[in-house]
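See structure below.
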Amino acid sequence: MGSRGGRKVIHFYNSNGELNNTIKFLEEIQKKINYLTLNCTVEGNSIKISLFGPKDLQYLATERLKELANRYL
């Protein structure tokens with residue numbers, strides 16, 4: 001079995017400041033990452049995402065999150 005995991009926190013920044021882009025980013029996360037528990041906190045242009053679950057799935061989710069951030073933020 002894979003490692004037990006835990007929590008990983010990733011920070012993103014919406015550099016163009018468009019709220020619509022943040023909303024699209026969060027909607028895509030909801031569609032594409034459904035194999036882990038995650039919490040998202042948005043404060044201004046800062047987005048904090050906490051991932052909970054096995055480390056291998058956290059790694060996969062991190063890569064997907066980076067791709068989505070490059071597209072929307």
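Along the sequence shown, the residues carry numbers beginning at 1.
No more than 12 heavy atoms of other residues, nucleotides or ligands lie within 6.0 Å of CD in Glu43, so this atom counts as exposed by the packing criterion. Counting heavy atoms of neighbouring residues, nucleotides and ligands inside a 6.0 Å radius, atom CZ of Phe52 exceeds 12 of them.
Counting heavy atoms from C-beta on, the side chains of Asn70 and Glu67 never come closer than 4.5 Å. When side chains are defined from C-beta on, Ser46 does not count as touching Thr41, because their heavy atoms never get closer than 4.5 Å.
Pairing each heavy atom of Ala61 with each of Leu36, the nearest pair is CB-CD1, 3.6 Å. Closest approach of Gly6 to Gln58, counting heavy atoms only: O-NE2, 2.9 Å. Nearest approach of Phe25 to Ile49, heavy atoms of both residues: CE2-CD1, 4.0 Å.
With rounding to the nearest 0.5 Å, the separation of CG in Asn45 from CD in Glu18 is 9.5 Å. Between the NZ atom of Lys48 and the CG atom of Asn39 there is a distance of 9.0 Å, given to the nearest 0.5 Å. Rounding to the nearest 0.5 Å gives a distance of 8.5 Å between OG of Ser50 and CG of Leu38. Rounding to the nearest 0.5 Å places CG of Leu60 at 15.0 Å from NZ of Lys55. The structure places CD1 of Ile29 at 10.5 Å from OH of Tyr72, a figure rounded to the nearest 0.5 Å.
Cluster membership for Tyr35 and Leu51, using ILVMFWY side-chain heavy atoms within less than 4.5 angstrom, is shared.
For Arg64 (side chain) and Ile33 (main-chain N/O), no donor-acceptor pair under 3.5 Å exists by modelled atom type. In terms of modelled atom types and a separation under 3.5 Å, the side chain of Ser15 and the main chain of Leu73 share a donor-acceptor contact.
With salt bridges taken as basic N to acidic carboxylate O contacts below 4.0 Å, one links Glu28 and Lys31.
Between the side chains of Thr22 and Asn14, at least one donor-acceptor pair of N or O atoms lies under 3.5 Å.
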Practice item. Give the C-alpha distance, both sets of side-chain angles, the deciding distance and a yes or no for side chain to side chain contact (heavy atoms under 4.5 Å, CB included) between Ile47 and His11. Key: CA-CA 6 Å; Ile47 303 165; His11 295 270; over 6 Å; no

